[in-house]
Asker: 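The structure under discussion is supplied below as structure tokens; questions concerning it will follow.
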Amino acid sequence: MKKKILILLIAGCLAFVFSACQKSSASPIAVGEGDRQLETTIAEETITEQRAYEFPDTWSEVLQQDELTVTIEADIEVPNVTEFPVAALSDNEITQEQADRIMDVLLQEATLYEQRPDGPYTKDEVADEILRLKQSLTDPNSDGNSALAKGTPEHDAWIENTQQDIAAWEEFYNEAPEQIEETPASTEFELDYNSNSLAPTAIEDDMSEEMKKELEQENQEKIDNPEKFLSPEIKGEALLVDGRKCQLFIGKMYMSFFTQLVEKDTVAPDNLSSLPLLDSDITREHAEKTARQAIADMGLDYMDIALEDMNYLVHLDENGDETAKSECYTYYFTRSIGGITENYAIPRSTGTSPYSSAINYEAATITISDDGIVNFDWAYPSKVEEVMAENTSLLEFSDVQDIFRKQVVMGNIYLDTDSWGDAIIEKNIYITKAKLGLMRVLRQGKEGEYLFIPVWDFYGYDFTKYNVNEYDSETSVYLDENGEITERHANRSYVTINAIDGSVINRNIGY
């Protein structure tokens, strides 16, 4: 939603609207994590008038303290709405009805079969594996021959192990069937009594007697009461009408549909970047339309696009080696209320998964290529318990800026110093986007329940420069030739600010 559209809608009455829609700059600014009075504040700050939100198009500024420099060259994104609601959410589960709709969309009427473990099974497959192993012994470019010097103990051990593998496969060949009869999988939620969850936990000699006793009791309970360790699920594989093979898993809190490998070009620069780029007829417009239609058909039309990525579909040969790539688009859908979408954000201090925190953020991720839906994931479904406020008052953007200035320095000035100490020469953070959206925060005293509130997220990337330029054994990090580590994630948030009361939210813990 662009601010230009908003201006057209309210031209001629900006002065009155802007003066009445926000808290004054005299409002107290709370910098810290959590606010036990948040629900009271929401009730007190509810307003009845529809008001537009004043914000600049961009924000340019440089902040500096000690070795930290924060460069702000940010676009400001605000939903084109005049009401900012607050809702109460709770955890939910995927129902059989939802699973049916999802399978209708993804499987394209293909039959779901029980999934075979990886590896050759038929006589032809086993014969191919035997041939591959024999060729690896004679091929000078095979992994063993190219990486290990001939005549060394390591090379001799590799030859011996490979010959043992060949002998094992040749013995298995006599027992292998001509073809595998596939068994249809259940499309109803069921408990899998063959699950690895029921495998006994190994008890080591060096464990304490107390730990051994606990594990013995747990292993026995897995036999006596297996249902305690299992959750209903649907899983299998299918051959789609276009010839692609897919794998499907649907649990109560998470589901995944996978057909092909998708990566960003920056993930594996040594191999993916060098792959030839195949022509692709997919366009951003067609991909987005396909993604939105699929989400609606699955019954997830309460979600909207929070982030879009252009990715690459990796093409593999029959041996599983990467041969080429083609363009595809990935869309991240999150819950939307009143035209405002939940921000999709990764905290500064975690890895690349939005699910690596203590709070569960619902998101559906769908990738579209020429073939249609490539992959789909949906995690942590939720439901709206009530809309607590149709429209709540928000802090002025100038107040939000003041909070950000303090927090971005305070929250990042000492990062990494424990690991690297004096090795750090300088740290740089670049803020490229500030976005007003929604976020769920933990509801005080209510497990599995959340408040869905307006927040500001400040996105960007960072790089840190060190006085070394090689592998560091203590941190297991490789530095580039300039002694730098650069982190670039389009959805990384460096500061999250409660837009109602100005408290700073830790996305890792949800308040």
Side-chain angles (χ1 to χ4, degrees), residues 88-104 106-107 111-119 121 180-238 246-258 298-300 350-351 353-364 376-383 385 440 442-450 508-510:
L89 302 182
S90 63
D91 290 333
N92 203 5
E93 292 185 343
I94 300 176
T95 66
Q96 183 65 53
E97 180 182 359
Q98 289 172 321
D100 290 340
R101 294 185 66 167
I102 290 169
M103 287 186 285
D104 286 344
L106 298 178
L107 296 182
T111 300
L112 188 69
Y113 291 97
E114 291 183 359
Q115 191 169 338
R116 287 172 51 193
D118 294 333
Y121 267 75
I180 300 293
E181 182 177 349
E182 305 210 78
T183 304
S186 174
T187 55
E188 303 285 331
F189 278 110
E190 294 181 352
L191 299 179
D192 179 11
Y193 289 93
N194 295 316
S195 171
N196 291 332
S197 301
L198 298 180
T201 304
I203 300 175
E204 307 293 343
D205 293 337
D206 57 354
M207 290 180 176
S208 66
E209 293 301 318
E210 182 180 1
M211 176 62 73
K212 289 180 180 179
K213 185 175 181 180
E214 289 180 5
L215 292 180
E216 287 172 356
Q217 292 175 344
E218 180 182 288
N219 288 339
Q220 186 60 45
E221 193 168 9
K222 288 180 179 179
I223 298 174
D224 299 336
N225 187 20
E227 290 80 6
K228 178 181 177 181
F229 301 88
L230 300 175
S231 178
E233 59 186 34
I234 301 169
K235 63 181 179 181
E237 59 186 25
C246 72
Q247 296 178 358
L248 176 75
F249 172 85
I250 305 178
K252 285 298 186 177
M253 296 294 293
Y254 170 79
M255 71 138 301
S256 174
F257 170 82
F258 175 83
M298 292 183 205
L300 306 180
T350 65
S353 170
Y355 311 123
S356 57
S357 58
I359 188 171
N360 297 331
Y361 296 104
E362 181 179 13
F376 176 73
D377 295 282
W378 175 31
Y380 304 122
S382 63
K383 61 181 176 181
E385 295 291 348
R440 68 195 63 199
L442 292 175
R443 197 170 186 183
Q444 292 289 338
K446 298 188 177 182
E447 185 177 355
E449 295 189 20
Y450 316 91
N508 289 309
I509 59 178

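These values consider heavy atoms only, across backbone and side chains, with no hydrogens, waters or symmetry-generated copies.
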Asker: With sequence neighbours excluded, tell me which residues meet side chain to side chain contact (heavy atoms under 4.5 Å, CB included) with Thr187.
Answerer: Met103, Leu112
Asker: Considering only distance and modelled atom types, tabulate donor-acceptor pairs under 3.5 Å from the side chains of residues 205-217, sequence neighbours left out.
Answerer:
from: Ser208; atom 1: OG; to: Met211; atom 2: N; distance (Å): 3.1
from: Lys212; atom 1: NZ; to: Asp205; atom 2: O; distance (Å): 3.2

Asker: Would you give the length of the straight line joining atom NZ of Lys252 to atom CD1 of Ile94, rounded to the nearest 0.5 angstrom?
Answerer: 8.0 Å
Asker: Answer yes if the side chains of Asp377 and Ser256 hold a donor-acceptor pair under 3.5 Å, and no otherwise.
Answerer: yes
Asker: Going by side-chain hydrogen bond (donor to acceptor under 3.5 Å, both in side chains), name the residues that satisfy it together with Asn219, two or more places apart in sequence or in a different chain.
Answerer: none
Asker: So how far is it from Leu106 CG to Phe257 CZ, rounded to the nearest 0.5 Å?
Answerer: 5.0 Å
Asker: OH of Tyr380 to CD of Glu362: how many Å apart, nearest 0.5 Å?
Answerer: 11.5 Å
Asker: Quick one: list whatever passes salt bridge (Lys or Arg N to Asp or Glu O under 4.0 Å) with Glu114, sequence neighbours left out.
Answerer: none
Asker: Side chains of Glu385 and Ser90: any donor to acceptor distance under 3.5 Å?
Answerer: yes
Asker: Could you tell me whether a side-chain N or O of Thr95 sits under 3.5 Å from a main-chain N or O of Gln98, the two making a donor and an acceptor?
Answerer: yes
Asker: Looking at CD of Glu237 and CG of Leu107, how far apart are the two atoms once the value is rounded to the nearest 0.5 Å?
Answerer: 11.5 Å
Asker: Counting N and O atoms only, with roles assigned by atom type, does the side chain of Lys222 sit under 3.5 Å from a partner on the main chain of Ala199, one being a donor and the other an acceptor?
Answerer: yes
Asker: Counting C-beta onward and ignoring hydrogens, is there a side-chain heavy-atom pair between Phe249 and Tyr254 closer than 4.5 Å?
Answerer: yes
Asker: Tell me, do Tyr450 and Arg443 make a side-chain contact under 4.5 Å, heavy atoms counted?
Answerer: no
Asker: Which donor-acceptor pairs under 3.5 Å do the side chains of residues 226-235 make with protein atoms, sequence neighbours left out?
Answerer:
from: Glu227; atom 1: OE2; to: Tyr193; atom 2: OH; distance (Å): 2.7
from: Lys228; atom 1: NZ; to: Glu221; atom 2: OE1; distance (Å): 3.4
from: Lys228; atom 1: NZ; to: Glu221; atom 2: OE2; distance (Å): 3.0
from: Glu233; atom 1: OE2; to: Lys235; atom 2: NZ; distance (Å): 3.2
from: Lys235; atom 1: NZ; to: Asp192; atom 2: OD2; distance (Å): 2.6

Asker: List the residues meeting side-chain hydrogen bond (donor to acceptor under 3.5 Å, both in side chains) with Glu218, not counting sequence neighbours, and say none if there are none.
Answerer: Thr201
